[in-house]
Every structure is written in structure tokens, then in C-alpha cells.
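Worksheet: one structure, shown below.
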Amino acid sequence: MQERYNAREAERRWQKIWDERAIYTTRNDDPRPKYYVLEMFPYPSGRIHMGHVRNYTMGDVLARYMRAKGHNVLHPMGWDAFGLPAENAAMERKVHPKAWTYDNIATMKKQLQTMGLSLDWSREVATCDPSYYKHQQKMFLDFLKVGLAEREKRKVNWDPVDMTVLANEQVIDGRGWRSGAVVEQREMSQWIFKITKYSQDLLDALDTLDRWPDKVRLMQRNWIGRSEGLLVRFALDPKTSPAGESELKIFTTRHDTLFGAKFMAIAPDHPLAQAAAAKNPKLAEFIAETKRHGTAQEIIDTQEKMGFDTGIRAIHPFDPNWKLPVYVANFILMEYGTGAIFGCPAHDQRDLDFVNKYGLGNTPVVCPPGQDAKSFVITDVAYDGEGTMINSRFLDGMTIEQAKEEVAKRLEGETRGNSSIGERQVNFRLRDWGISRQRYWGCPIPVIHCPKCGVLPVPDKDLPVALPDDATFDKPGNALDHHPTWKHVNCPTCGGKAQRETDTMDTFVDSSWYFARFTDPWNEKAPTDPKMADAWMPVDQYIGGVEHAILHLLYSRFFTRAMKKTGHIGMNEPFEGMFTQGMVVHETYRDKAGNWVIPAEVKIEGGEGARRATLIKTGESIEIGPIEKMSKSKKNTVDPDDIMETYGADVARWFMLSDSPPDRDVIWSEEGVQGAGRFVQRLWRIIGEVAAVSAAGIQPATFSDDAMMVRKAAHRALANVSDDIARLRFNRCVAHIYEFSNALAEALGSVENVPSADLTWALREAGDILVRLFHPMMPHLAEECWAALGHKTLVAGEAWPAVEAGLLVESTITLPVQINGKKRADVTVPRDAGKEAVEAAVLALDTVKKALDGKSPKKVIVVPQRIVNVVA
RNA sequence: GCGGACGUGGCGGAAUGGUAGACGCAAGGGACUUAAAAUCCCUUGGGAGUAAUCCCGUCCGGGUUCGAGUCCCGGCGUCCGCACCA
């Protein structure tokens with residue numbers, strides 16, 4: 001046995017063996033219980049980064065553990081291969097998106113393979129491959145048939161110089177990133193998926209996802225944003241309405257505050273605003289101004305709140321003489337509710353800011369408990385809490401809930417024309433999913449526009465609608481649209497001249513069903529074989545970044561429902577267990593000129609507050625900056641290849657799991673990696689020592705104290721690690737393995753020249769357990785150790801060891817003793833001692849007697865197996 | 001702006017409402033060595049004390065409880081998402 005473990009040599013050797021024996025290839029007809037573990041597939045950006053290493057290591061640990069526990073594990077990998085960066089590369093570097101993407105896939109696949117992941121590569125898919133996206137096109141047509149895909153006008157970021165649509169990330173400070181032109185909002189006809197048909201269901205089903213993080217469910221709940229409110233039809237003063245409009249419909253959840261109303265506000269693209277603008281050039285200019293920025297919600301919310309009085313007056317539903325001014329406001333969205341609100345400034349901060357700016361005043365109508373109604377005033381902080389209605393005529397004295405009920409009842413009962421002026425309504429914040437993208441590198445939307453026959457689906461026999469390879473990328477905009485011939489086709493119905501849809505699908509569509517495709521990726525006829533999909537799905541454990549907590553996960557949940565409706569799968573929820581991992585972060589470094597410097601070029605010296613950094617090449621001193629998410633722009637990245645080359649994949653994997661809880665950020669540090677590297681060598685030495693004690697015979701009937709200590713340490717570690725892997729608490733697994741290996745090393749250190757038979761057996765058992773415990777995290781080292789222990793099998797195929805429960809229980813237990821909540825002593829009692837016996841033992845302690853000073857205690861709290869507290 | 005999280009030694013972190021700091025890193029001391037690396041052993045939250053021991057301590061301010069890092073209310077700070085980045 002070699003003294004030092006040579007990771008580079010061993011890792012390649014074992015990877016080759018795993019590969020030759022195809023041990024990670026999963027069969028659909030394997031009778032063992034299934035377990036589907038999936039990590040979010042990567043975008044092929046060029047090279048893998050540390051975030052991938054972390055993500056895929058976690059999944060791999062679970063996959064290997066579940067395999068050892070006797071499951072048929074599905075652990076596939078693929079490529080989220082469509083998207084903007086490929087087109088940017090095409091424009092900047094004159095490489096075709098397809099070539100660029102497939103080159104990246106080849107590189108990254110090789111990188112992933114050096115990590116030693118137990119992936120079934122025979123199921124690999126790339127979303128940019130026609131064999132994948134033709135099924136997506138089929139499903140689009142299925143969705144179209146059942147009314148889940150439609151066309152709708154949507155706002156996009158328009159670059160008026162490049163004459164192209166921009167992604168939000170391409171809008172920087174309100175300007176196009178290439179042209180620098182001020183971006184405008186422009187409406188375009190877009191394809192949408194009717195996710196809102198499932199708003200209530202997507203919301204309700206969150207309660208069944210009990211293996212999802214609460215925070216993710218909460219974020220989705222808020223994103224869906226169900227609110228119960230009232231639709232109110234305000235009459236308009238006919239003298240003021242621009243084109244004979246008689247009413248304005250608003251949605252509100254605060255109808256209790258109707259008597260605090262000071263104004264109405266409508267969205268700039270509300271029909272009433274448009275009508276008013278037709279007669280008022282200044283208003284038209286104001287509306288045009290509100291469109292002179294991107295479509296991102298953050299911009300709309302953070303920009304200065306502005307309004308323009310249209311001159312239109314609305315009539316209060318409870319008082320025909322009460323007129324309210326109607327403003328066009330830049331913070332009202334046409335997409336939410338009816339695109340119009342009434343403003344009650346006293347109880348809504350945004351409305352209050354608005355009236356304070358335009359001098360409209362406010363009247364408080366909800367008085368907080370304990371406040372005097374007469375003196376209660378609002379100046380610049382709105383009150384949105386509970387209270388009693390005031391200044392509200394017939395509502396005075398009611399609670400908010402009572403007032404809402406009363407208002408709803410009265411307005412429902414009152415009619416104008418032949419319908420009531422109030423109507424209870426449930427509203428959702430969730431909008432339909434716009435999937436049209438004006439780009440080349442995406443899945444073509446399979447429809448044809450015929451001037452005579454309208455919008456037609458591409459016939460099934462013509463699928464896939466494939467991207468043309470001979471596109472050019474020398475001008476901004478959609479290369480598909482620019483292509484000289486591609487879009488020109490004959491109408492499938494009348495045979496006349498028609499045009500293909502040149503929009504492609506949002507890449508979120510690609511990633512909304514890949515998990516189902518993995519269950520039968522060879523299927524050429526259909527997206528899935530529902531039998532196989534239903535056998536494998538749902539994914540038992542899905543792992544990925546929190547940044548996908550809302551959109552990707554919600555879209556996938558919708559898409560699965562839509563696939564069910566169109567017969568491709570038999571369930572609603574794709575992911576039974578969800579885990580959101582934290583980011584990989586690193587210190588940042590800058591030179592004197594303020595330029596970012598990559599960690600590999602920096603040398604760190606000194607510890608404990610005296611750390612300083614210098615540039616290796618020149619010795620120039622470098623400023624150590626804050627720890628931030630690894631990013632190319634700040635150059636605080638570490639290349640996984642470098643790490644694996646220097647330390648080996650196992651070290652990288654181990655360190656990724658060891659330092660932080662998996663759902664929190666992990667700081668990549670050179671010291672930490674070195675520590676992991678030392679531990680790999682330490683394990684190798686320990687196993688070497690175990691291997692050196694003579695081979696184990698038959699299990700002895702009894703064990704000496706020494707041997708029992710070893711056995712207890714092994715089984716305690718086994719119990720703890722098993723529990724923690726199942727709960728994805730990998731950092732704790734690591735700590736338990738450290739603890740156990742320390743105990744084993746200590747036992748080995750005190751072994752006589754010829755250990756007794758029982759101790760030999762116990763040490764051997766411990767060695768076998770240790771190797772199998774760390775195998776999921778460091779599979780290559782584990783194989784090497786397993787072989788060194790004399791086994792002829794692969795540890796990757798071994799069963800998880802069984803815990804001997806008897807070794808976990810002690811006959812006595814030491815309880816901490818508190819006096820008035822502060823720990824003052826310990827007491828050791830038999831494990832099964834009753835409360836009375838424990839109390840008696842505690843009261844007999846000197847420390848307790850002294851504290852009580854002869855008096856009897858006020859109270860003694862005995863928490864069995866945990867603690868005793870004496871209240872003096 | 002809205003929504004969500006997080007905040008514990010020099011550092012990463014551990015702790016079903018029950019002994020705060022497991023485990024690791026870093027640092028200091030020692031052993032081995034001609035020397036270094038590697039390895040092994042010891043110390044390590046702050047303060048007082050020869051010691052036993054005591055006091056303080058989980059971002060800040062309140063509260064609930066026999067007992068709060070953990071629960072509640074109010075701040076401060078950092079990070080993530082916001083619908084065309086993936």
C-alpha cells in the first residue's frame with residue numbers, strides 16, 4: 001500500500017472501471033423501488049463553475065446513498081442549451097450558436113466526468129437538439145388545441161435604434177446595451193401559456209408539497225398573489241368623460257376605506273386614458289413619457305410616482321355629489337386587476353405619497369386601537385393596521401372586516417343599468433406566461449400565418465420545424481426573421497403564400513419538461529411514454545439554486561399540469577422534494593489601480609486580522625475586498641479544473657459539502673481546500689492501518705471495553721450520517737465522519753502489537769463502515785480504500801451498512817442541572833430513571849443544597865433525557 | 001418599491017425552546033527531524049482568580065417562559081428574486 005494517496009491517478013482509474021462496467025446506467029425495467037434524483041441541468045456557458053460542482057456533488061451524494069439503500073436510482077444529466085449568450089457569441093465572435101453551444105457541451109461534459117458523478121449519460125438530452133424540441137413543438141400544438149396557448153398583446157423593451165426587442169438584462173439604466181438608445185415600451189402580439197387557468201390549483205397544491213422549503217412555497221404563494229376584493233363600477237361625470245364613457249371599473253381589497261377616497265388612478269394604457277389623451281396633447285405626452293423605460297417591475301416600482309389629472313371626474317358610489325379626480329399614474333399596471341384603482345391615502349403608503357405630491361389631502365378612516373379618533377391624523381406615514389372605522393358615515397364604529405362586508409353587501413345590492421355596481425371578486429397577481437421571443441436560438445413556435453386562413457398550426461407530419469443552420473448574425477434582431485427563405489411557406493390549408501412564425505419559445509419552456517423527458521429520452525414518437533413517466537415521476541429530490549425558486553419551478557408545475565391535460569403524464573406535481581442550495585462565494589481582490597484580480601494570481605499571508613495579499617508575479621500589494629458571489633465581472637472565480645487537477649475531484653467534492661450548510665452560501669477558500677486535502681490523506685492512512693491489522697475472523701460473541709468503544713463510535717457515526725444524508729445536511733455528515741475517524745485513529749494508536757481477536761474484528765468493522773460512509777462524498781478514495789481493505793467488489797455497488805441499535809444506547813445518562821435557568825452541575829442517573837428518582841438525585845447534589853440553603857425549591861422541572869432545572 | 005431569507009469565537013459553522021461554540025479552518029506552544037515539509041500531542045469566546053470557581057457573551061432594543069441563539073414585537077445590516085439572463 002502506497003504511503004500517499006495519488007488522487008489524479010486513482011480517480012482516472014476508477015472512472016474508467018465504472019464506465020466499463022456501466023454501473024450507473026439505469027434500466028426502466030429494474031424491479032427495485034425507484035428513486036429519482038435530479039439537479040437543475042446547466043446552461044452550456046463554456047465551462048462549469050463552482051456552483052455546478054456544489055450542486056452536482058449534492059445530488060451525487062444522494063444518488064449514491066439511495067443506490068446503497070437498495071433503490072433503482074435515476075440520476076440523469078442534460079443541457080439547457082438554448083438562450084441568449086449563444087447569439088451574443090455569434091455576434092461578437094462570429095461563431096454559429098450551434099457550434100458554440102455544442103463545443104461548450106463537449107467541454108463541460110468532460111469536466112463533469114472528471115468529477116466522478118454517478119450519472120446515467122445514456123439519457124443525456126440537449127434542448128437545442130431537434131430530437132428534443134420537436135416534442136416541445138408537439139406539446140405546444142396540443143396546448144393550443146385545449147386552449148392553454150393563445151395570442152395576446154404584450155409589452156416589450158424596444159430598442160428604437162437597433163429596431164429590436166431587448167431582454168431585461170440588455171437594458172442598462174434605461175438604455176439599450178449596444179445602441180445606448182433610450183428603451184421604449186412597445187406592444188406586440190405574443191404567444192402566451194394560460195398559466196392563470198391554474199392559479200388557484202397552483203396555490204392550493206403548495207400545501208401538499210411538504211418536502212419543499214417553506215420559503216419557496218411562501219415566495220410562490222406571494223407570487224401567485226391571491227386576493228379577495230371587490231370590483232366597483234364608479235360612475236363618471238358625463239360632462240367630463242372624453243368619449244361618452246359612463247363608468248370606471250376598479251378592483252380593490254380595501255373597500256372598507258371608500259370614505260377615505262381622494263382620487264382615482266388609471267394605468268397609462270387604460271382605454272379611458274387613451275381616450276382622454278386623444279383630446280389632450282399634454283396628457284398624451286405624459287403617457288408617452290411613462291413608456292420611456294424598460295418593462296422591469298423593479299423600475300416601475302422604484303421610479304418617482306407621477307400622475308396627470310385627466311379632468312375626468314368619478315362619482316363616489318355612496319354619494320352622488322362627491323366627485324373624485326381621475327389621474328393617469330405611472331405606477332398603475334394595466335395587467336393587474338382592472339388597471340384602475342381608487343386612492344385612499346391615509347391607509348396606503350403609495351397613495352399617500354401621491355396625494356402629498358399633488359396636494360389632494362387625506363382623511364383617516366381607520367383609527368388604531370387606543371388612539372383618539374378626533375385627534376388621529378396622518379401626515380406622511382400611512383396606517384395599514386387594524387382599527388375602528390371613523391369618518392365613514394354608516395361604517396363608523398365597525399371593524400375593518402365588518403366594514404368590508406357592509407360595503408360589499410350594499411354595493412352588490414345597488415344596480416346601474418342592469419348589473420350591480422359592486423361584485424365580490426378573487427384576483428390573482430399571477431399573469432399568463434408570455435413565451436414569444438424574437439430570437440433565433442430557441443425552439444421555433446410551430447405555427448403559420450396565412451393572410452387568408454389566419455393563424456394555423458404546423459401539421460404534425462411537418463414537425464420538427466427546424467432552425468435553419470445558414471442564419472447570419474451581422475445585424476441586431478431576430479436572425480430567423482432576417483433569413484431570406486426560411487419563413488416563406490405555403491399555407492397548409494389553402495396552399496397560398498404564407499409565413500412561418502419567426503418567434504421562438506422562452507427557454508423556460510425547454511426546462512419545464514426535461515425531467516419528464518429523462519424517463520424515456522429515446523422515444524422518437526412522443527415527448528414521453530406516459531407509463532414510464534408515471535413510473536419514474538415525480539422527481540423524488542430536485543436540487544438547484546434559490547434563484548429559480550419562483551419562475552422555473554412555477555412554470556414546471558404549470559407545464560406538468562398542462563402535460564397531464566394533454567395526456568403526456570399522469571400527475572400534477574413534478575417535484576416531490578425540492579432543495580435550494582446556496583451560492584459559492586469568494587473574497588474579491590483589486591490592485592492599486594482598482595482592477596479586479598483573480599484569486600489564482602494572489603498570495604495570502606498572515607492570519608487573524610493581519611491577512612495581507614500580494615500579486616504573485618510582481619509582489620504588488622493587493623486590496624482584499626468583500627466576499628461576493630463568484631462572478632466573471634469581479635474575477636473572484638476559481639476554476640474547477642484547476643482544483644481537480646491540483647487536489648482531485650474528491651477534495652473538491654468534500655470541501656463543497658464540509659464548510660457550510662447546503663442551503664447557505666459557502667465561501668471557497670484555499671485553506672479550506674487544503675484542509676480537505678489533508679483529510680483525504682488522513683483517511684488513506686487510517687484505512688492503511690486498519691488493513692494492516694490481521695484479517696477479521698468470525699464475529700466474536702463478546703467484546704472488550706476497547707472493542708466496544710470502537711463499535712459504538714462506528715455505529716453512532718453510521719446512524720448520524722444516514723440520518724443527515726437523508727435530510728441533506730451534508731455539513732453535519734462531514735462533521736460526524738471527522739469525529740468517527742478521529743475516534744478510530746485514536747483506537748488504532750493505542751493498539752498493541754497483536755490486537756486481540758475481538759478488537760481486530762471491531763477495527764475491521766469500523767474500517768468497512770467508514771469507507772462506505774464517505775463513499776457518497778468521495779467515491780474514488782472510497783474505491784481505493786475498499787480495495788485496500790481486501791474487498792474484490794466495488795464499493796459503489798455495496799449496500800449501506802446496517803446499524804446495530806443496541807450499540808447506540810448507554811446504560812446511564814448525564815443530565816445538566818440548572819439552578820434558576822443557569823447550568824450549575826451535572827447529574828448521572830440510570831437511563832430509565834423516573835422523574836422522582838432524578839429529582840431526588842439532583843436535590844442531593846452539594847451545589848444544589850448550597851444554592852437552596854436549607855429551603856425547599858419552588859419548583860423542579862425534569863425534562864426526561866434532557867435537563868433538570870431547579871427554581872430556588 | 002414589493003416579496004423572501006440570513007445575522008453565533010479570529011473564520012466557516014453546531015445546538016427537537018433545555019449544558020452556546022460540536023466538527024473543521026486559522027493561530028500559538030510542544031514532539032519527531034541536521035533542517036524543512038508531512039505527521040503526532042496540547043492550548044485557543046472575553047474578563048477576574050494560584051485554584052475551585054465566578055461574571056459577561058449568539059446584530060441592537062423590548063417581550064413571552066422555570067429556561068430564548070431558537071418564539072413574538074420594533075429597529076439595523078447583508079444577500080436573493082421581481083415575470084425577456086439562465
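Computed from heavy atoms alone, side chains included, the values below leave out hydrogens, waters and symmetry copies. A note on names: the letters A, B, ... follow the listed sequences, proteins ahead of strands, and every chain is numbered from 1.
- Within a 6.0 Å sphere centred on CD of A:Glu746, heavy atoms belonging to other residues, nucleotides or ligands number 12 at most.
- Atoms CD1 (A:Ile667) and C1' (B:G24) sit 14 Å apart, rounded to a whole Å.
- Remark: A:Asn742 is not in phosphate contact with B:C23, judged by side-chain N or O atoms under 4.0 Å from OP1 or OP2.
- Spacing between B:A38 and B:C54 at atom C1', rounded to whole Å, works out to 43 Å.
- Under the Watson-Crick or G-U wobble criterion, with both distances below 3.5 Å, B:G28 is paired with B:C42.
- Cation-pi geometry between A:Arg429 and A:Trp223 is met: the NZ or CZ atom falls under 6.0 Å from the ring centre, inside 45° of the normal.
- Aromatic ring orientation, A:Trp513 versus A:Tyr132: parallel (interplanar angle below 30°, classes split at 30° and 60°).
- Contact annotation: A:Arg732 side-chain N/O to B:G12 OP1/OP2 distance is not under 4.0 Å.
- For A:Arg54 and A:Glu39, the salt-bridge test fails: no basic side-chain N is under 4.0 Å from an acidic carboxylate O.
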*Begin with the C-alpha distance, continue with both residues' side-chain angles, and end with the deciding distance and a verdict on side-chain contact (heavy atoms from CB on, under 4.5 Å) for A:Arg217 and A:Leu209.*
CA-CA 8 Å; A:Arg217 290 194 286 174; A:Leu209 299 174; 4.2 Å; yes
Check nucleotides 5-8 of chain B for protein N or O atoms closer than 3.5 Å to its own N or O atoms and list the pairs.
none

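- More than 12 heavy-atom neighbours from other residues, nucleotides or ligands sit within 6.0 angstrom of CG on A:Asp301.
- Across every strand in view, B:C54 sits in a pair with B:G47 that passes the Watson-Crick or G-U test at under 3.5 angstrom.
- B:G49 shows a glycosidic angle more than 90° from 0 and is accordingly assigned anti.
- Taking atom C1' on both nucleotides, B:A14 is separated from B:U58 by 12 Å, rounded to a whole Å.
- Under the salt bridge (charged side-chain N to carboxylate O under 4.0 Å, His left out) criterion, A:Glu152 pairs with A:Arg154, sequence neighbours left out.
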Nucleotides 53-56 of chain B: which of its N/O atoms have a protein N/O under 3.5 Å away?
residue, atom, partner, partner atom, Å
B:C55, OP2, A:Arg824, NH2, 3.1
B:C56, OP2, A:Lys822, NZ, 3.2

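- Relative to the ring axis of A:Trp191, A:Arg151 places its NZ or CZ within 45° and under 6.0 Å from the centre.
- By the 4.0 Å N-to-carboxylate-O rule, A:Asp723 lies close enough to A:Arg727 to be salt-bridged with it.
- Within the structure, the salt bridge (Lys or Arg N to Asp or Glu O under 4.0 Å) test picks out no pair touching residues 856-867 of chain A (sequence neighbours left out).
- One can place CG of A:Leu748 at 17 Å from C1' of B:C41, the figure rounded to the nearest angstrom.
- The pairing partner recorded for B:A86 is none, the criterion being a Watson-Crick or G-U wobble arrangement whose two distances lie under 3.5 angstrom.
- Between B:G4 and B:G9, the distance separating the two P atoms is 27 Å to the nearest Å.
- The residues A:Lys357 and A:Glu304 are annotated as salt-bridged, a charged nitrogen and a carboxylate oxygen being separated by less than 4.0 angstrom.
- Under the 4.5 Å side-chain criterion, counting only non-hydrogen atoms from C-beta, A:Phe655 is in contact with A:Trp668.
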Short heteroatom pairs, N/O only, protein and nucleotides 61-70 of chain B, under 3.5 Å:
residue, atom, partner, partner atom, Å
B:C66, O2', A:Asn869, ND2, 3.4
B:C66, O2, A:Asn869, ND2, 2.4

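- When each of A:Asp659 and A:Gln349 is assigned the nucleotide of RNA chain B bearing its nearest heavy atom, the one mapping closer to the 5' terminus is A:Gln349.
- The pair A:Arg437-A:Asp506 meets the salt-bridge criterion, since a charged nitrogen lies less than 4.0 angstrom from a carboxylate oxygen.
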_Stepwise side-chain contact (heavy atoms from CB on, under 4.5 Å) check, A:Trp177 with A:Asn88_ = CA-CA 12 Å; A:Trp177 66 341; A:Asn88 294 336; 3.4 Å; yes
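- For the pair A:Phe679 CZ and B:A26 P, the computed distance is 14 Å after rounding to whole Å.
- Note: CE (A:Met656) to P (B:G13) measures 14 Å, nearest angstrom.
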*Do nucleotides 79-86 of chain B as a string where each nucleotide becomes B, S or -: B if the base has a protein heavy atom under 4.0 Å, S if just the sugar-phosphate does, - if no protein is that close.*
-SSBBBSB
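- Nucleotide B:G12 has B:C23 as its partner under the Watson-Crick or G-U criteria, with both atom distances under 3.5 Å.
- Two rings, from A:Trp79 and A:Phe41, have their centers 6.0 Å or more apart.
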